[in-house]
Amino acid sequence: MPSFDIVSEVDQHEMQNVVDQLKRELDNRFDFKGVDFEVLYQTDVIDLSAPEAFQVNQMLDILRDKAVRRNIDTKSFDPQELDKNLAKAKLPVRIRQGISKEDAKDIVKRIKASKAKVQASIQGDQVRVTGKKRDDLQAVMALLREADLSMPIQFDNFRD
């Protein structure tokens, strides 16, 4: 029986490349000459810090631009609250990985509302869709690509 998985993942290697390009551009930009900025990257969060809040916002815009150029969906970035004191402004940017329970329920509800002859089941942080015909599965893929979801999704593990 044909099936596929709906996942939400970010390629860690590409994300490291995005952060490296961000640092390289900030080193070369005239408006950041002599500015004590910092970009720290862990697997699920990027910490941006600079002396002023507007500089941190510029760093976030450049991060989004570099991510788009490396084919990373900017919906996977979740900027937290800006922490500003007299010396430094800091912005943690969470990287969304996996599909939350609420989003998975929303995806299953959309699939059921489409009246497609498939079954959708939530399996941890992914959704598995199975059906008798390959065309039905491809119709579900097209439906979800057009849907305005709060996170980026990919289709993985397509089996015939």
Side-chain angles (χ1 to χ4, degrees), residues 4-114 120-129 140-158:
F4 70 91
D5 295 332
I6 303 168
V7 296
S8 180
E9 298 173 341
V10 175
D11 185 6
Q12 295 299 321
H13 184 69
E14 285 296 321
M15 189 57 71
Q16 182 65 49
N17 290 339
V18 167
V19 171
D20 291 342
Q21 286 181 352
L22 170 66
K23 289 178 184 177
R24 207 172 308 123
E25 180 163 335
L26 292 175
D27 284 336
N28 293 331
R29 280 181 62 136
F30 181 75
D31 53 346
F32 277 89
K33 291 283 187 214
V35 174
D36 184 28
F37 66 86
E38 189 174 36
V39 179
L40 295 174
Y41 170 64
Q42 290 92 25
T43 56
D44 58 345
V45 70
I46 300 171
D47 288 324
L48 306 174
S49 63
E52 297 292 330
F54 77 92
Q55 291 170 331
V56 173
N57 290 330
Q58 285 179 329
M59 292 169 69
L60 181 61
D61 289 341
I62 297 169
L63 176 72
R64 287 183 175 141
D65 179 55
K66 297 299 180 188
V68 166
R69 291 175 191 239
R70 306 273 321 171
N71 293 328
I72 295 176
D73 196 342
T74 58
K75 288 181 185 177
S76 60
F77 294 138
D78 184 20
Q80 303 298 305
E81 188 174 327
L82 181 70
D83 179 29
K84 185 175 188 243
N85 58 27
L86 291 175
K88 202 172 248 194
K90 185 175 181 181
L91 179 70
V93 180
R94 275 192 37 235
I95 301 169
R96 294 181 186 161
Q97 296 274 27
I99 299 175
S100 68
K101 291 286 185 194
E102 296 82 27
D103 291 332
K105 288 178 184 177
D106 180 47
I107 290 172
V108 170
K109 188 169 86 173
R110 286 176 190 256
I111 292 171
K112 286 185 178 181
S114 72
S121 61
I122 301 171
Q123 297 183 342
D125 61 349
Q126 64 185 13
V127 177
R128 170 144 311 154
V129 180
V140 169
M141 285 181 183
L143 170 83
L144 292 175
R145 280 190 192 107
E146 293 173 3
D148 186 28
L149 300 173
S150 64
M151 77 273 172
I153 59 170
Q154 296 87 31
F155 305 107
D156 193 22
N157 204 14
F158 191 92

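All values reported here derive from a predicted model rather than from experimental measurement.
Taken to the nearest 0.5 Å, the NZ atom of Lys105 stands 10.0 Å off from the OG atom of Ser100. Taking CG of Leu91 as the reference point, atom CG of Asn57 lies at 7.0 Å (rounded to 0.5 Å). Taking OG from Ser150 and CD from Glu102, the interatomic distance works out to 9.5 Å, rounded to the nearest 0.5 Å.
Around atom CD of Gln42, more than 12 heavy atoms belonging to other residues, nucleotides or ligands sit under 6.0 Å away. Dense packing is recorded around CG of Asn28, with more than 12 heavy atoms of other residues, nucleotides or ligands lying under 6.0 Å away. With a 6.0 Å radius and a threshold of 12 heavy atoms from other residues, nucleotides or ligands, Arg69 has its CZ atom at or below the threshold.
At a threshold of 4.5 Å between non-hydrogen side-chain atoms, the residues Met141 and Arg145 count as touching. A heavy-atom distance below 4.5 Å is found between the side chains of Leu22 and Leu48. The shortest side-chain heavy-atom distance between Gln21 and Arg24 falls under the 4.5 Å cut-off. Arg64 places a side-chain heavy atom less than 4.5 Å from the side chain of Asp61. Ile72 is listed as a side-chain neighbour of Val18, based on a closest heavy-atom distance under 4.5 Å. Contact annotation: the side chain of Ile95 approaches that of Met15 to within less than 4.5 Å [non-hydrogen atoms, C-beta and beyond]. Residues Asn157 and Phe4 form no side-chain contact, since every pair of their non-hydrogen atoms from C-beta on lies 4.5 Å or further apart. Side-chain contact check for Asp44 versus Gln97: every heavy-atom pair is 4.5 Å or farther apart.
Listed here is the closest heavy atom pair of Ile99 and Ser8: CG1-CB, 3.8 Å. Residues Met59 and Ala50 share a closest heavy-atom pair of SD-CB, 4.0 Å. In this structure, Pro51 and Asp36 approach most closely via the heavy-atom pair CD-O, 3.6 Å. The shortest heavy-atom contact between Val56 and Ala89 is CG2-O, 3.5 Å.
Distance alone, capped at 3.5 Å, places no donor-acceptor pair between the Lys75 side chain and the Arg96 backbone. Not a single donor-acceptor pair under 3.5 Å links the side chain of Glu14 to the backbone N or O of Asp11. Remark: side-chain polar atoms of Asn85 are paired, donor with acceptor, to backbone N or O of Ala87 under 3.5 angstrom.
Using modelled atom types, one finds no donor on one side chain facing an acceptor on the other under 3.5 Å when comparing Asp73 with Ser76. Between the side chains of Gln16 and Asp20, at least one donor N or O sits under 3.5 Å from an acceptor N or O. No hydrogens or angles considered: a donor-acceptor pair under 3.5 Å links the side chains of Gln80 and Asp78.
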| query | After noting the C-alpha distance and the side-chain angles of Glu52 and Lys88, does the key distance pass the side-chain contact (heavy atoms from CB on, under 4.5 Å) rule? | reply | CA-CA 6 Å; Glu52 297 292 330; Lys88 202 172 248 194; over 6 Å; no
| said: Assess the residue pair Phe155 and Val140 against the criterion (side-chain contact (heavy atoms from CB on, under 4.5 Å)); give the C-alpha distance rounded to whole Å, side-chain angles, the decisive distance to 0.1 Å, and a yes or no. | reply: CA-CA 11 Å; Phe155 305 107; Val140 169; over 6 Å; no
| request: With side-chain contact (heavy atoms from CB on, under 4.5 Å) as the test, would you mind laying out the steps for Gln126 and Asp156 before giving the verdict? | output: CA-CA 10 Å; Gln126 64 185 13; Asp156 193 22; 5.7 Å; no
| said: side-chain contact (heavy atoms from CB on, under 4.5 Å) for Phe32 and Glu25? Distances and angles first, verdict last. | reply: CA-CA 9 Å; Phe32 277 89; Glu25 180 163 335; over 6 Å; no
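Looking at Lys90 and Asp83, no side-chain N of the basic residue comes within less than 4.0 Å of a carboxylate O on the acidic one, giving no salt bridge. For the pair Arg29 and Asp31, the salt-bridge criterion is met [side-chain N within less than 4.0 Å of a carboxylate O].
Among residues two or more places apart in sequence or in another chain, the side-chain contact (heavy atoms from CB on, under 4.5 Å) test is passed with Leu149 by Asp106, Ile107, Arg110, Ala147, Ile153.
Within the structure, no pair that satisfies the ring-ring contact (aromatic ring centres under 6.0 Å, His included) test touches residues 38-91, not counting sequence neighbours.
When Asp103, Ile111, Ile122, Val108 are each tested for a side chain to side chain contact (heavy atoms under 4.5 Å, CB included) with Ile6, only one passes: Ile111.
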